[in-house]
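Notes follow once the structure below has been shown.
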Amino acid sequence: MRDTSEFPDATEQAKQPNQKARTQARSKTESTTPGSQEQEAKPAARRRPSYTSHGSTRGQGGSEHTNHGNAPASSATRPVSAQHNHTATPAQRNNSGNASTTQGQGQHRPPTGPRQGGSPNPNQRSGNAPSHGPRSNSGHAPSGGPRPAPSYRGGPGGPRRQSGPGGPSTQQANHTATVQRPGPRPASSGGPSRPGGQNHRPPARHGSRGGSSAQKTQEKRAAALKEKPTGPVSIPPQIIVKDLAELLHATPNEIIRGLIKHSVFASINQVVDYDKAALVAIDLGFTPSPSTVTANSSQGLSASEAMMAAHHDDQTVIIPPVVTIMGHVDHGKTTLLDVIRKTKVAAGEVGGITQHIGAYQVEVNGKKITFLDTPGHEAFTAMRARGAQVAHIAIIVIAADDGIMPQTREAIDHARAAKMPIIIALNKIDRPNANPDRVKQQLAEIGIMIEEYGGETILVPVSARQGIGIDDLLDYILLVAELQDIRANPNLPATGVIIEARLEKNSGAMATVLVQQGTLKMGDSIVVGPLAGKVRAMFNDRGKRIQKAPPSTPVSIMGLSEVPQTGDRLEVTSDERAARLRAQQEVEKRRNESAAPGQVSLDTLYMQMQEGKVKELNVVLKCDVQGSAEAIKNSLTKVGEENLKVRLIREGIGNVSETDVYLAAASGAIIIAFNVKTDGAALREAQKEGIDIRYYEVIYQLIDDIQAALNGLLEPSYREVLEGHAEILQTFKAGKNTVIAGCRISDGKISRSSQARVLRAGDKVYEGKIASLRRGKDDVREVNSGYECGIILENFTELEVGDIIEAFIQERVKPGS
Ligand SMILES: Nc1nc2c(ncn2[C@@H]2O[C@H](COP(=O)(O)OP(=O)(O)OP(=O)(O)O)[C@@H](O)[C@H]2O)c(=O)[nH]1
């Protein structure tokens with residue numbers, strides 16, 4: 001049981017978002033539930049992510065929801081299958097859902113070494129185990145008492161870094177290796193068995209006068225130095241400076257200074273590689289060797305690897321499907337989400353308090369469904385762009401009176417790109433002008449064949465406002481989920497994805513996590529992108545404090561120092577130190593990433609193909625008119641058949657929009673802009689995400705480029721970037737073939753490495769290189785606006801006073817620019 005007094009206002013705080021959300025609730029939803037005390041809020045503006053990250057995941061982990069044997073009554077005999085590359089696997093597995101033996105984190109731990117096991121080390125000095133304290137039983141286990149004062153230079157300390165019975169070993173958990181107990185320094189005075197500490201200081205030398213204070217100080221220092229541990233030490237491939245300090249019995253400052261000596265400038269929390277750590281260790285008198293003990297094996301896995309592992313282990317159970325609702329503006333997404341939540345959640349609860357946390361769960365016939373309460377494909381795709389594959393099923397809402405609209409098509413494109421099964425919710429069938437047949441026809445025209453027309457896509461007529469067809473819709477969701485056989489292992493350390501996050505006035509950073517694999521528990525050490533923390537409080541979608549969350553559960557958590565980004569992955573680590581290490585590694589990784597990992601560009605396509613990283617070229621095509629789009633589409637199907645397929649994941653008319661960029665980022669696609677431009681915000685997003693946008697006005701050039709890219713023959717493209725201008729004020733002959741132009745820089749700058757052209761009355765009379773750039777007698781690299789300088793141009797002497805030297809460079813065109 002958790003003592004809630006630790007977070008006295010947590011429940012209150014947990015309610016706040018809901019209250020806030022309710023205040024913002026839109027009046028339009030009122031009409032859907034007359035008399036209801038609760039108005040559901042539209043989700044707040046979605047934050048846009050700024051970069052992509054780790055591996056994507058599908059099919060997550062879980063429990064509880066174990067028996068899908070009962071097909072919904074209304075559809076039991078209906079042939080249904082998932083679509084779009086989904087081979088729906090009938091649930092043939094034993095759905096008993098029972099978790100077998102707990103495979104806690106401890107199982108992944110490496111075997112404890114002698115020290116960890118607490119066995120006495122032969123090198124230990126006189127029984128006074130130099131203790132710098134059982135420093136970190138901080139992970140999951142209580143530390144077992146107050147930390148002894150650091151006292152490796154003497155004094156009876158507690159047993160050094162022993163893991164107490166049942167407590168996790170610090171060393172395993174923090175990846176910092178088995179420190180072989182440092183042996184004694186090469187003998188000087190003391191000898192190997194010399195006890196440490198002031199109590200064992202060497203006696204005063206003969207002849208001393210009882211010791212002056214300076215002498216005593218010196219002796220103390222010498223004794224301390226002698227007693228400083230040295231000897232063999234094993235260091236992991238990467239280690240945080242602070243941990244290295246502890247490992248080497250030094251202060252962090254000593255380590256930082258030591259690293260600077262080797263030209264490494266690291267802060268206390270930074271990670272350094274073995275090579276650098278070893279240099280410092282040698283300087284301090286140790287004999288380093290690479291540690292064989294590295295990270296806890298489960299922690300070394302990426303999220304997708306963990307997911308794969310989960311699919312292959314026999315502890316997986318069927319988990320609730322995660323469903324996202326997408327569609328055109330005003331077609332009824334929010335109303336549908338509201339009506340599902342109100343009928344299936346609030347109605348069944350006293351008080352009916354539901355918490356807006358970006359997702360909620362309902363129970364239908366004893367089976368759970370998780371809805372992402374963030375309608376809109378932008379939010380969904382933004383998460384996908386960051387590698388977070390959050391949903392298993394997409395509901396596309398189409399208003400029966402309005403039909404397929406631009407955003408409906410976008411939503412379908414997004415669902416298809418994510419290879420998710422689609423269910424069509426044909427909404428507003430209560431409207432007098434509803435025309436379901438027209439919508440079915442339109443669907444067929446864009447390649448969505450519904451069952452009634454002999455296809456496989458389920459279409460459910462509903463009225464979100466009147467609550468018609470909602471149960472059918474939920475039944476079909478369960479049916480599709482069953483065919484999907486969505487599974488995860490609840491016994492692993494949890495992984496999940498952040499679907500919403502905000503800063504609360506009283507409780508600080510609150511993040512909604514959709515647990516995807518494993519079970520998230522109170523007190524778990526977690527890493528979320530570049531942030532480390534600990535689960536200090538956890539609430540479900542109804543604001544209720546809970547202790548653990550199995551797969552597919554959305555939970556709001558407290559315990560991160562900062563607000564994480566939507567789409568970031570959450571992973572449970574073995575302890576806080578491991579979380580810090582992982583977070584630090586993520587910081588470094590993100591710092592080093594200039595473009596989205598795995599993002600395709602035509603320039604690098606061939607290389608990526610050779611490396612097996614790209615199997616098809618995904619393309620988002622934007623054109624000025626439909627005719628061009630058709631012609632390009634036809635031509636694209638013909639290129640690259642031999643080596644790689646071109647897959648058109650979206651085509652549309654009009655400028656390249658942010659949505660196009662998100663889709664491209666999420667699908668590793670390039671964007672082709674044919675006779676159209678890119679919107680400002682989209683351009684910024686594209687630059688941030690490293691999306692390659694290619695502009696064309698002629699179809700054959702476009703096709704040639706793609707073909708060349710597929711064959712590795714695409715020339716890199718360059719553009720000219722103007723640097724500055726200089727006006728020639730005087731000319732000097734400095735040899736037979738050399739004329740110096742005495743210039744003043746009128747704007748910008750001129751660099752020694754610039755290219756230059758000479759303009760005379762606006763006409764170009766020369767283009768070439770700068771041979772020399774001088775200020776006075778000195779060669780300089782560049783001269784800025786307002787300064788005078790001497791310029792010699794390569795192979796050109798016909799310079800005249802009044803000529804303008806224009807300096808420029810050729811810059812390689814980067815994706816998205
Ligand atoms: N007659 C009728 N009106 C509906 C139905 N569903 C939704 N509406 C109304 O349609 C309007 C838009 O509904 P929303 O749920 O806000 O639509 P949305 O798709 O979430 O809209 P955006 O979030 O702005 O994209 C509201 O006035 C709803 O009351 C329905 O089944 N029948």
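In this structure, Val364 and Asp475 have side chains that are in contact, with non-hydrogen atoms separated by less than 4.5 Å. The shortest distance between side-chain heavy atoms of Leu617 and Ile706 falls below 4.5 Å. By the 4.5 Å heavy-atom criterion applied to side chains, Val497 and Leu570 are not counted as neighbours. At least one side-chain heavy atom of Ile477 sits less than 4.5 Å from a side-chain heavy atom of Pro321. With a 4.5 Å cut-off on side-chain heavy atoms, Ile424 and Ile398 count as touching. The shortest side-chain heavy-atom distance between Arg465 and Asn427 does not fall under the 4.5 Å cut-off. A heavy-atom distance below 4.5 Å is not found between the side chains of Val439 and Asp437. Using a 4.5 Å cut-off on side-chain heavy atoms (C-beta onward), Phe539 and Ile546 make no contact.
No more than 12 heavy atoms of other residues, nucleotides or ligands shown are found within 6.0 angstrom of CZ on Arg684. Taking a 6.0 Å sphere around CD of Glu697, one finds it holds 12 or fewer heavy atoms contributed by other residues, nucleotides or ligands.
Contact detail for Gly467 and Val339: the closest heavy-atom pair is CA-CG2, 4.4 Å. For the pair His331 and Val397, the tightest heavy-atom approach, listed with the atom from each and the gap, is O-CG1, 3.4 Å. Taking each heavy atom of Val555 and Ala549 in turn, the nearest pair found is CG1-CB, 3.6 Å. Summarising the geometry of Ile649 relative to Ala669, their closest heavy-atom pair is CD1-CB, 3.9 Å, with the distance given to 0.1 Å. The shortest heavy-atom contact between Leu372 and Ala391 is CD1-CB, 4.3 Å. Counting all heavy atoms, side chain and backbone alike, Tyr453 lies closest to Lys440 at OH-CB, 3.5 Å.
Considering Ile450, Ile396, Ile423 as possible partners of Leu459, the one that fulfils the side-chain contact (heavy atoms from CB on, under 4.5 Å) test is Ile450.
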### Test log, rule salt bridge (Lys or Arg N to Asp or Glu O under 4.0 Å), inputs Asp430 and Lys428
CA-CA 5 Å; Asp430 61 296; Lys428 304 196 187 183; over 6 Å; no

#### Entry: Test salt bridge (Lys or Arg N to Asp or Glu O under 4.0 Å) applied to Asp485 and Arg487, step by step
CA-CA 6 Å; Asp485 194 31; Arg487 290 171 169 273; 3.1 Å; yes

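Interatomic distance, Glu651 CD to Lys633 NZ, rounded to the nearest 0.5 Å: 4.0 Å. Taken from CD in Glu658 to CG in Leu683, the straight-line distance is 11.0 Å, to the nearest 0.5 Å. The CD1 atom of Ile632 lies 10.5 Å from the OH atom of Tyr696; values are rounded to the nearest 0.5 Å. In this structure, CD1 in Ile486 is found 8.0 Å from CD1 in Ile318, a value given to the nearest 0.5 Å. The CG atom of Leu426 lies 11.5 Å from the CG atom of Leu473; values are rounded to the nearest 0.5 Å. Note that CD1 of Ile448 and CD of Gln442 are 12.5 Å apart. Values are rounded to the nearest 0.5 Å.
One N or O on the side chain of Lys333 and one on the backbone of His328 form a donor-acceptor pair closer than 3.5 Å. In terms of modelled atom types and a separation under 3.5 Å, the side chain of Asn618 and the main chain of Ser667 share a donor-acceptor contact.
A donor and an acceptor atom, one from each side chain of Gln361 and Thr370, are located under 3.5 Å apart. Counted by atom type alone, Ser657 and Asp660 present one or more donor-acceptor pairs between their side chains at under 3.5 Å.
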